[in-house]
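Worksheet for the structure shown next.
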Amino acid sequence: MNASGAGSSAGSSTGIRLYAPAPGWAISADVVVVGSGVAGLTVALRCAAAGAKVTVVTKAHLDDGSTRWAQGGIAAALGEGDTPEQHLDDTLVAGAGLCDEPAVRTLVSEGPGAVRRLIETGARFDTDPVSGEILLTREGGHHRRRIAHAGGDATGAEVSRALIGAVRAAGIARAGGPRLELIENALVLDLLNDAAGRTAGVTLHVMGQGRRDGVGAVHARAVVLATGGMGQVFSATTNPAVSTGDGVALALRAGAEVSDIEFVQFHPTPLFLGPDAEGQQPLVSEAVRGEGAYLVDADGTRFMVGQHELAELAPRDIVAKGITRRMQETGTDHMFLDGRHFGAAMWAERFPTILAACRSHGIDPVTELIPVAPAAHYASGGVRTDLYGRTTVPGLYACGEVACTGVHGANRLASNSLLEGLVFAERIAADILADSSAPPAEPVVPAPGGAPLLASEARFEVQRIMTAGAGVLRSAESLTVAAGALERLHTAAVEAYDREGKTAEPCVETWESTNLSLVARVLVAAARRREETRGCHWREDRPERDDRDWRRHLVVRLTPHRTLDVRTTQGPDFPPVRAARAAGVVGDDGAGGTRP
């Protein structure tokens with residue numbers, strides 16, 4: 001292993017970008033936020049409220065990101081007897097020894113206040129009809145009821161509604177012009193830099209909507225990546241179709257570091273739609289188990305009892321493994337969730353969204369078992385940041401699922417994701433507004449061209465490779481096969497371009513395929529290097545957790561030669577990102593800067 005050196009050469013541009021036409025138009029802002037989920041919109045609102053000019057770029061419509069699909073809720077120590085310290089303990093246990101404790105302390109201590117500010121923004125959580133107190137439930141890995149929910153099982157939709165309403169109000173408020181501009185149906189391509197290498201905006205492609213069609217640019221001194229996850233790198237996922245890893249791929253091409261990307265959480269209980277089901281799968285929230293539903297096999301046996309003290313409410317990696325093991329033992333491709341004892345009234349009142357989804361697929365959970373099987377759900381890792389969302393590239397921030405703040409470690413605790421988006425978005429906004437050291441500079445506008453693109457159909461090949469080789473069950477053999485297949489796809493595109501100048505036609509589909517390919521290569525490279533089982537990374541050939549050699553992080557960079565530099569940290573602590581910002585180089589001991 002190449003220990004440490006994880007910050008070495010960080011922040012330097014690779015010179016690699018997607019093949020695309022030169023920008024045909026440009027606008028300017030103080031801040032450009034890429035993404036319209038809870039993280040992105042919170043940053044945008046805080047910056048706009050302070051008078052900054054903000055442009056929000058989102059890939060589809062404003063409410064089409066991952067936030068609105070979050071069913072269970074948002075975790076925070078809001079209940080009587082609960083404390084941030086207890087929330088911290090549960091988070092650290094779920095993270096399997098790789099959480100960054102200062103980041104977790106930040107999350108759990110600032111979380112209750114962030115939730116209250118979300119309520120002030122207009123979010124309406126379910127409350128007790130008598131006391132008016134917020135109703136709280138439990139989910140996997142939590143020892144207390146601390147999950148606030150809305151609409152029964154539509155928390156994400158309510159959070160999204162409240163934030164979008166506030167953003168639209170800010171966008172039309174005029175004080176010398178709109179403080180907040182929206183660009184919908186736009187895929188962000190690459191980062192723009194000034195002559196000194198600092199962030200100066202982004203290039204993007206507007207997909208035939210509005211007055212700015214085609215490739216253009218937003219010039220800004222700060223760019224916030226809030227692009228969500230990368231679940232579409234697998235054949236079956238709970239993520240929406242837009243979750244193609246665009247933010248991670250952009251950050252890698254910009255020279256940023258990515259960490260913990262091997263830790264992909266597979267949700268234990270998406271609705272099983274058949275062995276050939278692909279794309280976004282309906283989610284049966286963990287909150288269903290939190291309210292007392294239990295897992296059974298075809299014979300009605302509760303197989304999670306005895307595997308963990310919390311049985312069906314164990315952390316998600318343990319439940320997903322338990323389901324997968326039972327499927328192997330019984331030679332089946334799914335298990336069942338039993339909530340028949342809830343009764344019709346509870347299903348209709350507490351879980352109306354899930355009830356409707358099940359019935360739309362011919363399953364009535366009031367009277368029938370719900371077939372379930374694990375599917376890719378959440379990326380615990382991503383673009384490495386500090387406690388203020390700063391990456392190793394000056395002026396580039398990351399927040400939400402695209403980021404690796406250190407909060408989740410090797411496995412995210414249920415319902416910590418919305419909270420992470422809120423807390424660290426507020427910190428990013430504060431840092432941007434306080435940073436007057438970087439006045440806007442003219443970006444170096446890229447010439448036409450760029451790195452070769454994969455054909456649009458390569459997306460499905462990447463998904464098949466990843467599902468077979470890097471899914472819930474992994475081994476040295478499966479990962480080696482996956483790495484070889486991904487490398488052949490990548491190499492074929494590069495060689496055709498270098499030899500004949502040929503590449504796939506630049507369009508949304510080919511840009512997405514190319515992003516997915518890069519993210520997949522990074523994920524597999526990290527998973528091959530981590531020779532142990534930890535959290536949601538399960539190596540069949542290395543079934544034990546190895547704290548002596550592997551209680552450390554893997555940090556990946558893309559080199560200017562299009563190769564991957566995979567390094568390990570000295571231990572569970574990350575090297576500081578501020579050192580990379582200040583000096584461009586961090587020594588082997590990570591010295592040279594302090595983390596705020």
Side-chain angles (χ1 to χ4, degrees), residues 6-7 10 33-35 37-40 43 65-67 95 98-100 103-104 107 188 191 223-234 237 239 242-266 376-393 396-413 416-421 423-425 427-428 466 470 515-516 518-527 530 535-537 553-558 564 566-567 569 574-575 577:
V33 176
V34 187
V38 61
V43 173
S66 295
T67 292
L98 282 186
C99 293
D100 181 74
V104 179
L107 178 82
V188 168
L191 195 70
V223 172
V224 182
L225 297 178
T227 52
M230 56 185 188
Q232 291 292 329
V233 78
F234 295 96
T237 177
N239 289 191
V242 295
S243 297
T244 51
D246 307 317
V248 170
L250 178 151
L252 283 163
R253 289 191 296 270
E257 294 177 348
V258 168
S259 188
D260 294 352
I261 198 168
E262 68 270 32
F263 297 116
V264 176
Q265 186 179 87
F266 287 78
H377 182 59
Y378 192 89
S380 293
V383 184
R384 189 167 79 84
T385 74
D386 66 8
L387 295 185
Y388 288 86
R390 297 176 290 209
T391 74
T392 50
V393 176
L396 179 65
Y397 297 77
C399 190
E401 190 173 355
V402 72
C404 179
T405 62
V407 159
H408 304 306
N411 189 38
R412 175 180 67 97
L413 181 65
N416 268 355
S417 52
L418 291 178
L419 190 70
E420 182 194 31
V423 168
F424 288 92
R427 288 180 146 251
I428 287 173
M466 293 297 290
N515 284 340
L516 282 171
L518 176 55
V519 170
R521 289 170 57 217
V522 173
L523 194 160
V524 169
R530 182 171 290 281
C536 48
H537 170 68
H553 301 274
L554 288 165
V555 178
V556 187
R557 290 189 308 115
L558 181 65
L564 301 178
V566 185
R567 303 186 179 197
T569 61
F574 281 117
V577 303

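Here, residue 1 is the first one in the sequence, and each next residue gets the next number. Model, not experiment: these values are computed from the prediction.
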query = Going from CG on L518 to CG on L250, what distance comes out if it is rounded to the nearest 0.5 angstrom?
reply =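 It is 10.5 Å, given to the nearest 0.5 Å.
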query = Atom OH in Y388, atom SG in C399: separation rounded to 0.5 Å?
reply =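 Those atoms lie 14.0 Å apart.
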request  = Tell me whether the guanidinium CZ or amine NZ of R412 lies under 6.0 angstrom from the six-membered ring centre of Y378 and within 45° of its axis.
outcome  =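 Yes, a cation-pi geometry.
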inquiry  = Under 3.5 Å, is there a donor on one side chain and an acceptor on the other for E420 and H408?
reply    =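 Indeed, the side chains of E420 and H408 share at least one donor-acceptor pair under 3.5 Å.
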Within-4.5 Å side-chain heavy-atom neighbours: [X] and [Y]:
X    : Y    : answer
D100 : V407 : no
V34  : V224 : no
R390 : L396 : no

Smallest separation among heavy atoms of [X] and [Y], with atom names:
X    : Y    : result
L558 : L252 : CB-O, 3.7 Å
A254 : L191 : CB-CD2, 3.7 Å
L107 : V423 : O-CG2, 4.0 Å
T569 : P575 : CG2-CD, 3.7 Å
T405 : A103 : O-CB, 3.5 Å
A410 : L98  : N-CB, 4.0 Å

Expected output: side-chain [X] to main-chain [Y] donor-acceptor under 3.5 Å:
X    : Y    : answer
R427 : L387 : yes
T237 : A376 : yes
E257 : V555 : no

query = What residues, two or more places apart in sequence or in another chain, satisfy side-chain contact (heavy atoms from CB on, under 4.5 Å) together with V556?
reply = V522, L564, V566
query = With sequence neighbours excluded, what pairs up with A226 under the side-chain contact (heavy atoms from CB on, under 4.5 Å) test?
reply = A39
request  = Give the intermediate values and the outcome of side-chain contact (heavy atoms from CB on, under 4.5 Å) for residues D246 and V188.
outcome  = CA-CA 8 Å; D246 307 317; V188 168; over 6 Å; no
Any residue meeting salt bridge (Lys or Arg N to Asp or Glu O under 4.0 Å) with R521, in chain and number order, not counting sequence neighbours = E487
inquiry  = Between V38 and E401, is the side-chain contact (heavy atoms from CB on, under 4.5 Å) condition met? List the steps.
reply    = CA-CA 10 Å; V38 61; E401 190 173 355; over 6 Å; no
Sequence neighbours excluded, which residues qualify as side-chain hydrogen bond (donor to acceptor under 3.5 Å, both in side chains) partners of [X]?
X    : result
D260 : H553
S380 : none
E262 : R530

inquiry  = Going by ring pair (Phe, Tyr, Trp, His ring centres under 6.0 Å), name the residues that satisfy it together with H537, two or more places apart in sequence or in a different chain.
reply    = none
F234-F266 aromatic ring centre distance below 6.0 Å =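 F234 vs F266: aromatic centres under 6.0 Å.
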request  = Report the residue from I261, T244, V402 that forms a side-chain contact (heavy atoms from CB on, under 4.5 Å) with M230.
outcome  =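 Exactly one option meets the side-chain contact (heavy atoms from CB on, under 4.5 Å) with M230, and it is I261.
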key: Verdict with reasoning, Q232 to N239, per side chain to side chain donor-acceptor pair (under 3.5 Å)   = CA-CA 7 Å; Q232 291 292 329; N239 289 191; over 6 Å; no
ask   = What's the verdict on side-chain contact (heavy atoms from CB on, under 4.5 Å) for R384 and T391, showing C-alpha distance, side-chain angles and the deciding distance?
value = CA-CA 6 Å; R384 189 167 79 84; T391 74; over 6 Å; no
